[in-house]
Enquirer: 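The following block contains the structure, expressed as structure tokens.
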Amino acid sequence: MSVRRTRHVATRVLTQLRRDPRTIMMLLAMPVVLIVLLRYVFEDARATFDAIAPMLVGLFPFTMMFVVTSITMLRERTSGTLERLMAMPIAKADLLLGYGLAFALVAVVQGLLAGAVVLGPLGVDVAGPTWLLLMFAVGNGVLGSSLGLLASAFARTEFQAVQFMPVFVLPQMLLCGLFVPREQMNDVLHAISTLLPLTWSFDALQHVAAGDDLATGEIQRDLVIVFGGAIALLVLGAATLRRRSD
């Protein structure tokens with residue numbers, strides 16, 4: 001693995017994104033738009049919105065980054081760009097880490113924007129440290145990117161990449177505890193939710209909203225699981241990476 005080659009791949013991906021304003025708008029603007037939309041959906045139930053808003057700061061970036069990353073990587077493979085890159089003296093780890101780094105930087109901006117809107121104009125109060133909330137929002141974006149890179153290995157067309165969203169994303173959103181507390185789920189669903197990284201990110205965001213900080217054992221555990229899960233998914237993505245889509 002080479003730091004220089006990884007940086008080169010990341011620079012190339014960011015340059016491509018800069019030339020695609022529609023993708024940039026979807027990545028950066030859509031989480032903010034969706035959160036603002038929900039704010040007015042809950043116009044007459046402000047307490048409900050205030051309770052779920054810190055978690056939404058993490059959930060929407062996770063979803064957006066998964067969709068864009070999986071389609072972008074698939075497009076690289078179907079266009080032959082990935083095959084040309086892998087014909088060069090570049091390791092799979094360099095390639096995946098480069099993509100992961102590029103989308104991680106996008107996730108940082110995405111998480112900061114979503115968090116700034118929730119904590120600023122929308123006036124949501126978070127009892128815990130603001131920087132910790134933003135860090136987990138960024139972590140969710142990185143997690144979505146890593147999962148998208150892995151999912152792209154199993155798709156042959158962009159339509160199939162989008163179809164994987166109900167497989168990789170929706171079960172995590174349904175079981176993370178957003179709609180029903182995990183304690184109220186039956187034993188099978190509770191056990192499955194324990195294996196899903198988004199569950200622990202949601203748990204961390206709940207703790208931060210309740211006033212806990214990084215010294216809390218649960219948040220430290222969640223931090224390790226979320227970012228460790230992102231790294232593990234990148235490793236799996238490297239292991240399943242193919243030069244082209246047949």
Enquirer: Is Leu38 close to Phe60 at the side-chain level, that is, under 4.5 Å between some pair of heavy atoms?
Expert: yes
Enquirer: Going from CD on Glu218 to CG on Leu223, what distance comes out if it is rounded to the nearest 0.5 angstrom?
Expert: 13.0 Å
Enquirer: Any heavy-atom pair between the side chains of Gln206 and Asp212 that's under 4.5 Å?
Expert: no
Enquirer: What's the spacing between Gln220 CD and Ile225 CD1 if we round to 0.5 Å?
Expert: 12.0 Å
Enquirer: Applying a strict under-4.5 Å side-chain criterion to I, L, V, M, F, W and Y, I'd like to know whether Met64 and Met25 cluster together.
Expert: no
Enquirer: Within this structure, what is the CZ-CE distance for the pair Phe179 and Met185, rounded to the nearest 0.5 Å?
Expert: 10.0 Å
Enquirer: Test of understanding: clusters of I, L, V, M, F, W, Y form through side-chain heavy atoms closer than 4.5 Å, transitively. Do Val226 and Val138 belong to the same one?
Expert: no
Enquirer: May I ask you to test the Val106-Leu14 pair for a side-chain heavy-atom distance under 4.5 Å?
Expert: yes
Enquirer: Is the closest side-chain heavy-atom distance between His190 and Gln184 below 4.5 Å?
Expert: no
Enquirer: Compare all side-chain heavy atoms of Trp131 with those of Leu214 and state whether any distance is below 4.5 angstrom.
Expert: yes
Enquirer: Looking at every non-hydrogen atom in both residues, tell me the closest pair between Leu134 and Gly115 and how far apart they are.
Expert: CD2-CA, 3.6 Å
Enquirer: So, taking the atom named CG in Leu205 and the one named CD1 in Ile219, what distance separates them when rounded to the nearest 0.5 Å?
Expert: 9.0 Å
Enquirer: In terms of heavy-atom contacts, does CG of Asn186 have more than 12 from other residues, nucleotides or ligands at under 6.0 Å?
Expert: yes
Enquirer: With the side chain counted from C-beta on, respond yes when Leu233 and Leu149 share a heavy-atom pair under 4.5 Å apart, and no when they do not.
Expert: no
Enquirer: Tell me, do Asp50 and Asp125 make a side-chain contact under 4.5 Å, heavy atoms counted?
Expert: no
Enquirer: Locate the shortest heavy-atom distance separating Asp222 from His207; write the atom from each residue and the value.
Expert: OD2-CD2, 4.1 Å
Enquirer: On a heavy-atom basis, which atom in Gly111 and which in Val57 lie closest, and how many Å separate them?
Expert: O-CG1, 4.5 Å
Enquirer: Using salt bridge (charged side-chain N to carboxylate O under 4.0 Å, His left out) as the criterion, list what pairs up with Arg182, not counting sequence neighbours.
Expert: none
Enquirer: Do the non-hydrogen side-chain atoms of Thr199 and Thr194 ever get within less than 4.5 Å of each other?
Expert: no
Enquirer: Is a side-chain N or O of Gln172 found less than 3.5 angstrom from the main chain of Leu196, in a donor-acceptor match?
Expert: no
Enquirer: Ignoring hydrogens and geometry, is there a side-chain-to-backbone donor-acceptor pair from Ser70 to Val67 under 3.5 Å?
Expert: yes
Enquirer: Looking at CG of Asp187 and CD1 of Ile192, how far apart are the two atoms once the value is rounded to the nearest 0.5 Å?
Expert: 11.0 Å
Enquirer: Which atoms form the tightest heavy-atom contact between Val126 and Ala209, and what is the distance?
Expert: CG1-CA, 3.8 Å
Enquirer: Check whether Leu147 and Val108 end up in the same hydrophobic cluster, where Ile, Leu, Val, Met, Phe, Trp and Tyr are linked by side-chain heavy atoms less than 4.5 Å apart.
Expert: no
Enquirer: Would you please test Ile35 and Phe49 for side chain to side chain contact (heavy atoms under 4.5 Å, CB included) and show each step?
Expert: CA-CA 10 Å; Ile35 291 173; Phe49 176 78; 4.1 Å; yes
Enquirer: How many angstroms lie between atom CG of Asp20 and atom OG1 of Thr15, to the nearest 0.5 angstrom?
Expert: 12.5 Å
Enquirer: Establish whether Val32 and Val118 are linked, either directly or via other cluster members, by ILVMFWY side-chain heavy-atom contacts under 4.5 Å.
Expert: yes
Enquirer: Give me the atom names and distance for the closest heavy-atom approach of Ile52 to Phe42.
Expert: CD1-CE1, 4.0 Å
Enquirer: If hydrophobic clusters are built by linking Ile, Leu, Val, Met, Phe, Trp and Tyr wherever their side-chain heavy atoms come under 4.5 Å apart, do Val36 and Leu56 end up in the same one?
Expert: yes
Enquirer: After noting the C-alpha distance and the side-chain angles of Val169 and Leu198, does the key distance pass the side chain to side chain contact (heavy atoms under 4.5 Å, CB included) rule?
Expert: CA-CA 9 Å; Val169 175; Leu198 190 62; over 6 Å; no
Enquirer: Might you point out which heavy atoms bring Thr23 and Val68 nearest each other, and give the distance in Å?
Expert: CG2-CG1, 3.6 Å
Enquirer: As a quick check of understanding, evaluate side chain to side chain contact (heavy atoms under 4.5 Å, CB included) for Asn140 and Met65, giving each step before the final call.
Expert: CA-CA 9 Å; Asn140 266 21; Met65 292 303 293; over 6 Å; no
